[in-house]
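Let me begin by presenting the structure, written as structure tokens, before commenting on it.
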Amino acid sequence: MNRGEPVVLVTRPGAGFVLTTASQTWTLSRPEDVAEIEAEHRPRWVWWSAAEAAGELVRAGVRLATCWDIAAVHRLQHGGYQADPARVWAALHSLDVRAIPELGPLDLLAPAGDDGGDPENPQRPDGHLRPEWTGGGWSRDEGRAVRWAQLALHVAQAQRERITEPRHLAAAHVESAAELLCVELEAGGLPVDVVAAEALVSGFIGPRPTDAAEALALRARRDNVVLQAAGVNADLRNPAQVKRMLAQLGFDVPDTRSWRLEPFVGAHPVIEELLSWRKAERIATTYGYPWLDANIGLDGRLRGGWTASDGAAGRMTAGAGLHNMPSELRGAVAAEPGKVLVRADLGQIEPRILAAVSGDRALIAATADDDLYAPVAARLKVERPVAKVAVLAAMYGQTSGTAGEALRGMESGYPTAMRYLRTASDEGRAGRAVRTYGGRVVRMWPTPDDADENTARSIAAARGRFARNAMVQGAAAEFFKAWALTVRARTAELGGEIVLCLHDELLVQAPAQHGAAVAAALDDCLAEAAGRWFGPAGQVRFVADTSVINRWSEAKG
DNA sequence: GATTTCACGTA
DNA sequence: CGTACGTGAAATCC
């Protein structure tokens, strides 16, 4: 076995591991056995999916360096999210995905299929994989697990052969490793100071109620403050009733969203009360005591599910509120004793990415500045805020508002970047899939046959905006992952542990004595990832704001 | 019981 | 007529 050699890893739930190369097969029973092979040979682990193959190992504390995740590569090559073995197999062999067989209740009673094939062969006569196998039957005995592993090796090789661009290969490696990172994030969790968390929640909605009746009373008390100010009765949790209530008080609004009510603050006390009620209600229902109880373990770690690439442009997503926790609660995220948090966020990531992927020389030159919008403003001969709006409008497909004139300046000042965005938009409008810099296929959705002309036009426009944004957001997501995984690799020996990924922000926990070294590594890794991802270093400059802190809420810089 | 709408949090 | 995501409550659909 050689360093970087593909080795399939199949984990039979609770029954050990099967390792396979083109020429050999091993069966191992303990996680430590796998760890030993990792330490000695550092192969590229090949698996159907990280969660299935590596979950048990990661939870046992085994850290694997690199992998080929068949599901992740399938998502890159075909778009969408579904990437189960049956689907991957069908795509690879040009079989109709709609004809993928499923296990019906009858099959469970009589699992020996009557399709004329050999039930010990994972492939049916019609070419599809047997649902009995893909549904978990592959792990029934060791012989089957070995065949399942051999199948994975074949599939991974076929995926590899489809890749011709070096950067698409790099993306396959990055997206694969990101899946593994997600398994680690899910197992590891985010360190939370539970006492501080309770105190913060208490500040919004009062102390933890001791029983259901008290919870109900506290809720009613919060409601009454608003209803008293209104002078009328209404169910504040029913938007229709709130709208009616506001109408009675003279506020004619199309909906009752906060941003729409904001302008009326001061016009009537009820507006202000309602807005602060909403804030408290959000904490109470989504980020309150039940949330803390449900998601924080006895070890003080907040755990949620992670996905390495969502269905759209390939961003990482997280559950359990990890990605949308109100900023007011960030003070509860704290380093454990003897440790620090190293936090870094990428500055102006999307316009810098646009410069890199489009190759626009003027925009690339602008990335040399700490503040990219300053040189852009100079080139467009406008104020900085106008330049910023223009750049964002170009990337997001905004056409209305104040961005109009500055957008025309963008056309003449940064024609290559604008052409790049325009091409993506045109493809999307036409309903054709686009591919990000890393090669991720981003599918469009069809216009329904019964759509009238106006509807069809607005659907096409929405696809255009979506495609335009996906090229930037998707490439940014790919680059972020490349950075995060470089950090994962480089800081491991310093005891660094990535505890949160938030689109352009990384949170790493590390032993206090290594905080400064980890912070330096984050910056070094950014330059390293940029050079590896976009070619010779120094072309496009990326910047990070990095700090060593104890709590996430501590000020930047 | 599952899906949709409204609302709001993050980037 | 700027994008993406996750979550919860209530309404709505079947």
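These numbers were taken from a predicted model, which means no experiment stands behind them. Proteins get letters first, then strands, A, B, ... in listed order; numbering begins at 1 in each.
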As a test of reading the structure: which of C/dC5, B/dC6, B/dT10 is closest to the side chain of A/S327, going by heavy atoms?
B/dT10
OP1, OP2 of B/dC6 versus side-chain N and O of A/T256: anything below 4.0 Å?
no
At under 4.0 Å between heavy atoms, what does A/A318 touch on the DNA or RNA strands: base, sugar-phosphate, or nothing?
sugar-phosphate
Regarding A/R75 and the six-membered ring of A/Y81, is the cationic atom NZ or CZ under 6.0 Å from the ring centre and inside 45° of its axis?
yes
Pi-cation contact, A/Y437 with A/R167 (under 6.0 Å, within 45°):
yes
Looking at A/Y414, I'd like to know if the NZ or CZ of A/R379 sits under 6.0 Å from its six-membered ring centre while staying within 45 degrees of the ring's axis.
yes
Select base, sugar-phosphate, or nothing to describe what A/R465 touches, counting heavy atoms under 4.0 Å on all strands.
sugar-phosphate
When the nearest nucleotide of DNA chain C is assigned to A/N238 and to A/T285 on a heavy-atom basis, which residue is associated with the more 5' position?
A/T285
Length of the CD-C1' vector between A/E478 and C/dA4, whole Å:
15 Å
So, for A/F542 and A/W483, is the gap between ring centers shorter than 6.0 Å?
no
Considering every strand and a 4.0 Å limit on heavy-atom distances, what is the contact class for A/M395: base, sugar-phosphate, or nothing?
nothing
Mind checking whether A/F479 and A/F534 have ring centres under 6.0 Å apart?
yes
With respect to the phosphate group of B/dC6, does any side-chain polar atom (N or O) of A/K243 fall under 4.0 Å of OP1 or OP2?
no
Starting at CZ of A/R330 and ending at P of B/dG9, how long is that distance when rounded to a whole Å?
13 Å
Quick check: any donor-acceptor pair below 3.5 Å linking the side-chain of A/R278 to the base of B/dA7?
no
Whole angstrom is fine here: how far is it from CG in A/D310 over to C1' in B/dT10?
14 Å
Among C/dA10, C/dT7, B/dA11, the nucleotide that comes nearest once only the side chain of A/R237 is considered:
C/dA10
Are the charged groups of A/E328 and A/K279 less than 4.0 angstrom apart, N to O?
yes
Mind checking if A/A470 touches a base, just sugar-phosphate, or nothing, with heavy atoms under 4.0 Å?
nothing
Expressed as a whole number of angstroms, how long is the span from A/Q473:CD to C/dC5:C1'?
9 Å
Return the value, rounded to whole Å, for the distance between atom CG of A/N469 and atom C1' of B/dA11.
11 Å
Select one nucleotide: of B/dA7, C/dG2, B/dT10, the one nearest the side-chain heavy atoms of A/Y396.
C/dG2
Protein-nucleotide distance (A/K279, atom NZ; B/dG9, atom P), rounded to Å:
5 Å
If you measure from the C1' atom in C/dG2 to the same atom in B/dT4, how many Å do you get, rounded?
24 Å
Just to be sure I understand the rule, does A/R260 reach a base, reach only the sugar-phosphate, or reach nothing, if contact means heavy atoms closer than 4.0 Å?
nothing
In this structure, how many angstroms lie between the P atom of B/dC8 and the CH2 atom of A/W291, rounded?
19 Å
Measure the distance from CD on A/E281 to P on C/dG8 and round it to the nearest whole Å.
13 Å
Look at the side-chain N and O atoms of A/R257 and state whether any lies under 4.0 Å from the OP1 or OP2 oxygen of B/dA7.
yes
Is there a donor N/O on one and an acceptor N/O on the other, under 3.5 Å, for the side chain of A/N324 and the base of C/dG6?
yes
